[in-house]
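Hydrogens, waters and symmetry mates are skipped; everything else that's a heavy atom, side chains included, is used. When a ligand or atom number is given, it counts from 1 through the structure's own listing order.
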Amino acid sequence: MKSATKRILVTGGAGFLGSHLCERLIAQGQDVLCVDNFFTGRKDNVAHLLKQPRFELMRHDITFPLYVEVDEIYNLACPASPIHYQLDPVQTTKTSVHGAINVLGLAKRVHAKILQASTSEVYGDPEIHPQTESYWGRVNPIGVRSCYDEGKRCAETLFFDYWRQHQLRIKVVRIFNTYGPRMHPNDGRVVSNFIMQALKGEDITIYGDGTQTRSFCYVDDLIEAVVRTMDTPDDFTGPINIGNPREFTMLDLAEEVLRLTGSSSKISFKPLPSDDPKQRQPDTGLAGSVLRWSPKVELEAGLAETIAYFRTRLEPQSRAHSEAADFAELA
Ligand SMILES: NC(=O)c1ccc[n+]([C@@H]2O[C@H](COP(=O)([O-])OP(=O)(O)OC[C@H]3O[C@@H](n4cnc5c(N)ncnc54)[C@H](O)[C@@H]3O)[C@@H](O)[C@H]2O)c1
């Protein structure tokens, strides 16, 4: 039996993950309202959807209330990379906390089901590896990352209080590092850094000896899990980890990027900064059992797609068009 079309609100829908989610929901035949203040998102990310009658784009800052009729809400609005969320830390906390209050209030009014894009950062600097959802985390409440970590933790609290107090249908997903096309070229993360350096023919910078490991999830795998989480029975709230537990070394990543780009860049090694982010690795057992999900996309295939996207962003006409949104001054 074909299910009825749903009206779905995606906050942060013009961002990296949000634009893929909008695309996916439109492909499923849903009506999608994409709301974004374009702080880190770009109209270009959803330009191809504008001609779809089922897609609407609204400029709005979720720290202000929103009155719309929807059946489901995916709350993704929030800058995600340290470079961006530390630009205006007070606004970052407001987006997480006031934003959550506003979207939860909306969900309560219109009886919508609501999903929060939380983060592995709620585990802070963890004492256990890999992290399971039952781990409460070790977060510094007064550091430079706290605007994001504590904002997201408070948003989770609000979601669970709305669930306990108002019986809202909630889902909380804790997203681990994700990469893919439409990620921000200047977000300071290792995948985008390495690809941009390789494409520009600059040295690929590895901090430390390159044997440290990271795990990254390809965006298509992530979106599949997020949509499946929304579709779980009402008694499932999460939190649920979504990410790729497979780890690879920074040296492996750099060599793979060099091979796939065909770049003649050299690898240069620099001392490990003292605030180098600690390793985080998801335990995805819950996602495996509840969602019947595991990541499928191999690093090579995911990197090839991402490199192809970054190549188009480096073309002169594309660069001129998107410079302001790219925080070019931060590059
Ligand atoms: N990408 C990752 O690896 C990752 C990891 C963990 C969690 N997350 C979470 O997933 C969500 C999406 O992340 P992303 O990687 O797509 O980041 P992104 O920066 O590309 O997307 C965030 C979007 O939210 C918008 N936004 C920011 N503040 C807003 C506000 N006040 N009102 C309306 N829109 C606002 C931005 O303009 C942008 O389009 C975020 O909530 C982030 O915390 C992402």
**Request:** Identify whether the distance between the nearest side-chain nitrogen and carboxylate oxygen of Arg138 and Asp125 falls below 4.0 Å.
**Result:** yes
**Prompt:** Is any side-chain heavy atom of Val172 closer than 4.5 Å to a side-chain heavy atom of Trp163?
**Reply:** no
**Request:** May I ask you to decide whether Glu156 forms a salt bridge with Arg153, counting only side-chain N to carboxylate O separations under 4.0 Å?
**Result:** no
**Message:** Set out, in order, the CA-CA distance, both residues' side-chain angles and the distance that settles side-chain hydrogen bond (donor to acceptor under 3.5 Å, both in side chains) for Asn244 and Ser215, then state yes or no.
**Reply:** CA-CA 6 Å; Asn244 192 332; Ser215 55; over 6 Å; no
In a simple table, one pair per line, please give the protein and ligand 1 atom names for every N or O pair closer than 3.5 Å, along with the distance.
residue, atom, partner, partner atom, Å
ligand 1, 3 (O), Thr178, N, 2.9
ligand 1, 3 (O), Arg189, NH1, 3.1
ligand 1, 16 (O), Phe16, N, 3.4
ligand 1, 16 (O), Leu17, N, 2.8
ligand 1, 19 (O), Thr40, OG1, 2.6
ligand 1, 20 (O), Phe16, N, 2.9
ligand 1, 24 (O), Cys78, N, 3.3
ligand 1, 26 (N), Asn37, OD1, 3.3
ligand 1, 31 (N), Asp61, OD1, 2.9
ligand 1, 31 (N), Thr95, OG1, 3.1
ligand 1, 32 (N), Ile62, N, 2.9
ligand 1, 34 (N), Asn37, N, 3.2
ligand 1, 34 (N), Asn37, OD1, 3.3
ligand 1, 37 (O), Asp36, OD1, 2.6
ligand 1, 37 (O), Asn37, OD1, 3.4
ligand 1, 37 (O), Phe39, N, 2.9
ligand 1, 37 (O), Thr40, N, 3.0
ligand 1, 37 (O), Gly41, N, 3.0
ligand 1, 39 (O), Gly15, N, 3.1
ligand 1, 39 (O), Asp36, OD1, 3.2
ligand 1, 39 (O), Asp36, OD2, 2.5
ligand 1, 39 (O), Gly41, N, 3.2
ligand 1, 41 (O), Leu76, O, 2.9
ligand 1, 41 (O), Lys152, NZ, 2.7
ligand 1, 43 (O), Tyr148, OH, 2.5
ligand 1, 43 (O), Lys152, NZ, 3.0

**Request:** Could you tell me whether Asp161 and Arg164 have a side-chain N and a carboxylate O separated by less than 4.0 Å?
**Result:** yes
**Request:** Assess whether side-chain contact (heavy atoms from CB on, under 4.5 Å) is satisfied between Phe310 and Met183, documenting all intermediate values.
**Result:** CA-CA 9 Å; Phe310 279 11; Met183 72 190 297; 3.6 Å; yes
